[in-house]
Every structure is written in C-alpha cells, then in structure tokens.
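Quick note on labels: first sequence line is chain A, next is B, and so on, each numbered from 1.
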Number of protein chains: 2
Amino acid sequence: MKATEMRSDCPISSSLDIFGDKWSLLIVRDLMLHKSRTYGDFTKSAEKIATNILANRLQLLEDNGIIIKLPYPGNKVKGLYRLSPKGVDLIPALIEIALWGGRNISNTYDGSPFLKEVKKSKTKFLKKVMDDLLEEETNIG
Amino acid sequence: MKATEMRSDCPISSSLDIFGDKWSLLIVRDLMLHKSRTYGDFTKSAEKIATNILANRLQLLEDNGIIIKLPYPGNKVKGLYRLSPKGVDLIPALIEIALWGGRNISNTYDGSPFLKEVKKSKTKFLKKVMDDLLEEETNIG
DNA sequence: GTTTTTTACTTGCATATTGAAAGTAATTAT
DNA sequence: ATAATTACTTTCAATATGCAAGTAAAAAAC
C-alpha cells in the first residue's frame, strides 16, 4: 500500500492524513478498550463497519505503525491485532475526543465504564490501559 | 442541512460522526490559532481546501454548534467565523492530536510557535487561547 | 457613476471513497 | 469427509472529494 500523502507539515494536518476518517480511531478505540481483537471482533462493534473498509483500515493502520498484527496462538486462520507504542500514544487524544463527545453530544451514553473511569481520573485511566497493553505485550509479543 | 446521523451512542464514534474527516479539524485549528477568519482566509491555509468542501464544512460545523458566523464589521460581503464555546472545548483534543503528530510523524514542522508553546506548557497555551477567544467574544459577539 | 475587483460562495464533472452484499480460500470443528 | 468459521476480496451502486469555472453582491478604483 502506498505511503500516506501529507498535505502540509502541520502536525494536526499530518495526523488527520493518517487517521482523519470515521473509522480508524474506532479501531484504535476497540484495541484500547480490549487490548487485542480479531478481525471478526471488529465487525461486531456497535458501528457495524463494512468488511472492505475494515480490511483497508487495518492495513493502513499497520502501514502507519499504529497497530501490529500477530498470529493468534493455536489458530492459523485468526490474527490478533494490538496497539503498537505509537498506537498507545494515541490514547490521550482519544480520551480528549471521548470527553468532548460526552460533554457536547446529547446522544452519547454517559454511563459507560470507560467514560466514567476517564472522568474520575484521566491519569489513572491512562496508566491502567497502558499497563494492560504492556502486560499483553510481554505475554504475546 | 440534515442532522448528522450517529452510528452509536459511543462518545468517540459520535464525535467522529461530526468531525471525523480530513478537513473539519483544520478549520477549527485555524480558528484556534487566529481567533477569527474569513472564508478567504481559510482557502489560504497550507492544505489548500477546495471551496466546495470549505463551504460544506463551514455549514456542518455551524450546524453542529462548533463555529459561529458573524457579520464582518463594516463590510456586507465578508463574514467572520469564530469558535463557539463548544468549539473552544475541542482545543484539548486538538492539542493532543498535534502533540501526537509532533512525536510520531517525521515530516511535521517541530519549530512551529504553536507546538513549541504547547510543549512548554499545555495549560498555559490553553489558557492563553481561551483568553484570546473570550476577548474576541466580548469585542465582537 | 460606471467599470473593475474582491468576496463568498455554487455548479459541473471526473475521480475516489464508502457501504451493502455476496463470494472465496484456508483452516478448524464435527 | 463435510460443514462451519474466519479473514478477507470482489462487485457495484451511492456518496464524497477535488478541480475548475461560474455567479451575484458589494466594495474599490477610476
């Protein structure tokens, strides 16, 4: 897959060149909340991503070093997707987006354990997720 | 313009339903860095947005309460776009995205006054921008 | 006060992306 | 051996993007 074209040298613009769409960050979200997922897991998320888009985004995210694909232990068909360090580094941005949505969009589910925990303490949530992801890394990677 | 369809009640997903594209947050960025802009100003940004996309995004952002269009003082053709409180509230997310880009994308311009200032102190930058925007609000709005 | 320019869009059209549905190929389970 | 899973790929219609050109109103220049 061809390298992502950058429209300028602005860090915001270049970030959006990579994940500025309606799906990429949802994949990152799922990996943040579940540590690792299979292809099928992603299709089961509430937003119902089409499989062609999913395949495309997984490839793009992998190309851009945000996720890593590993073999699923004991199964040659399945793959396991995880966040790379670069992907984990996206979590602060994801948290701020979630908080903005929670504050400003009425349809959002305020009772989610995720949002609750983040609101209680951003730093603690961050630390917890990072520890989880790191633990996973030492187990599998 | 019809209301934005939400794919789920997830705050991240719903946020992306509003600004999950390659252009919307660049408009917010320009308003964050310059307080207010005219239509023509936006077309002059480095990323060279097409005018049909610009018109569409300004409308969407206005529909979603993120920006506000005001008459340009002393000119009946021009309009002035500003961030609404909901738009100002997006700045923390924008900062995290910028920081991620700065850390993880090689082409990004590290010497920008914006990124420099944010890195020195996120809170101070936030306060400064918010004060600027508030000042503008009392002058014009 | 008439022409010229500026400003903020709109329109037309080719190309690219998205999304729904169905198809495929390699396992894995029965 | 047969059926079911899993991870994609393909097809195709609908929508979005991007470039270029057009328009209408107001402002500036002459």
Side-chain angles (χ1 to χ4, degrees), chain A residues 1-8 13-14 16-27 30-31 34 36-64 67-82, chain B residues 1-8 13-14 16-27 30-31 34 36-64 67-82:
Chain A
M1 201 163 276
K2 62 170 182 278
T4 310
E5 294 280 329
M6 298 297 177
R7 289 168 293 174
S8 75
S13 166
S14 298
L16 294 175
D17 285 331
I18 293 176
F19 57 72
D21 66 82
K22 298 209 184 309
W23 294 109
S24 298
L25 287 183
L26 294 187
I27 292 174
D30 286 353
L31 292 176
H34 299 101
S36 61
R37 304 249 88 182
T38 63
Y39 187 95
D41 288 337
F42 290 117
T43 66
K44 291 181 192 93
S45 287
E47 295 84 10
K48 302 267 159 256
I49 188 168
T51 57
N52 55 342
I53 311 280
L54 175 59
N56 173 256
R57 291 308 190 282
L58 288 172
Q59 187 64 58
L60 281 172
L61 287 171
E62 204 186 348
D63 289 351
N64 284 298
I67 65 174
I68 296 166
K69 188 182 183 176
L70 296 168
Y72 191 102
N75 188 312
K76 283 173 185 165
V77 174
K78 289 186 177 184
L80 254 194
Y81 293 95
R82 286 201 301 100
Chain B
M1 203 161 278
K2 63 168 180 278
T4 310
E5 295 281 328
M6 299 298 177
R7 289 167 293 174
S8 76
S13 166
S14 298
L16 295 175
D17 285 331
I18 294 177
F19 57 71
D21 67 83
K22 298 210 184 306
W23 294 108
S24 298
L25 287 183
L26 295 187
I27 292 174
D30 286 353
L31 292 175
H34 299 101
S36 61
R37 305 249 88 182
T38 63
Y39 187 94
D41 289 336
F42 290 116
T43 65
K44 291 182 192 96
S45 287
E47 295 84 12
K48 301 267 160 255
I49 188 169
T51 57
N52 56 342
I53 312 278
L54 175 58
N56 173 257
R57 292 308 191 281
L58 287 172
Q59 187 63 59
L60 282 173
L61 287 170
E62 203 185 349
D63 289 350
N64 284 297
I67 65 174
I68 296 166
K69 188 183 183 175
L70 297 168
Y72 192 102
N75 187 312
K76 282 173 184 163
V77 175
K78 288 185 176 185
L80 253 194
Y81 292 95
R82 286 202 300 102

Test item: B:R37 and B:L31 side chains (from C-beta on) under 4.5 Å apart, heavy atoms: yes
Atom-to-atom span, CG of A:L54 to P of D:dA7 - whole angstrom: 10 Å
Side-chain heavy-atom pair A:F42, A:L58 within 4.5 angstrom cut-off: yes
For B:A46, side chain to side chain contact (heavy atoms under 4.5 Å, CB included) partners two or more places apart: A:S8
B:F42 CZ to D:dG18 C1', straight-line distance once rounded to whole Å: 19 Å
Phosphate-side-chain proximity, B:W23 and D:dT17, N/O vs OP1/OP2 below 4.0 Å: no
Gap between atoms CZ and P, on A:R57 and D:dC8 respectively (whole Å): 15 Å
d(CG, A:D21; P, C:dA16) in whole Å: 18 Å
Closest listed nucleotide, where the reference is the side chain of A:I53 and the choices are C:dT18, D:dT17, C:dT10: C:dT18
Exceeds 12 heavy-atom contacts within 6.0 angstrom, atom NZ of A:K48: yes
d(OH, A:Y72; P, C:dA29) in whole Å: 10 Å
First encountered from the 5' end of DNA chain D, between A:Y81 and A:R7: A:Y81
A:K44: side chain to side chain contact (heavy atoms under 4.5 Å, CB included) partners, not counting sequence neighbours: A:D41
Rounded distance in Å - CD (B:Q59) to P (C:dC9): 9 Å
CA sep, side-chain torsions, deciding dist, call: A:K22, B:R7, side-chain contact (heavy atoms from CB on, under 4.5 Å): CA-CA 10 Å; A:K22 298 209 184 309; B:R7 289 167 293 174; 3.6 Å; yes
Spacing between B:I27 atom CD1 and C:dA8 atom P, to the nearest angstrom: 14 Å
Between P of C:dT27 and OH of A:Y39, the distance in whole Å: 18 Å
Heavy-atom check, side chain of B:R57 versus side chain of B:L26, under 4.5 Å: no
Residue whose closest nucleotide on DNA chain C lies nearer the 5' end, B:L58 versus A:I49: B:L58
Under 4.0 Å protein heavy-atom contact, by nucleotide of nucleotides 19-29 of chain D - B base, S sugar-phosphate only: B-B----SS--
